[in-house]
Amino acid sequence: GDSWNKVNYIECSLPNRGGQTRTCDLMDIESYPTWEFGDGSRQSGALTLDELAEKSGCNVAEAA
């Protein structure tokens, strides 16, 4: 729904498979997607909505 506006999204890949942005190099991003949470932890790869909710402290039922 409208929750995407709460995500701080940063595009790391450059067009035409041209590598990745300097920002992501400096942040040591090695794969996509990489999620960074409020507690400073990171997790790479696809996560379910339930996993994202648990890591972010968002109650999915209340957000619906």
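Residues take their numbers from the sequence shown, with the count starting at 1.
Scored by the side chain to side chain donor-acceptor pair (under 3.5 Å) test, Asp39 finds Ser41 as partners (sequence neighbours excluded). Residues satisfying the side chain to side chain donor-acceptor pair (under 3.5 Å) criterion with Ser56, sequence neighbours excluded, are absent altogether.
With a 6.0 Å radius and a threshold of 12 heavy atoms from other residues, nucleotides or ligands, Glu11 has its CD atom above the threshold.
Considering CG of Asp50 and NZ of Lys55, their distance stands at 14.5 Å, rounded to 0.5 Å.
Without hydrogens or angle criteria, Trp35 side chain to Ala46 main chain gives no donor-acceptor distance under 3.5 Å.
Side-chain atoms of Thr34 and Glu36 include no donor-acceptor pair closer than 3.5 Å.
Residue Met27 is found in a hydrophobic cluster whose other members, listed by chain and number, are Ile29, Tyr32; membership requires side-chain heavy atoms under 4.5 Å apart, directly or through intermediates.
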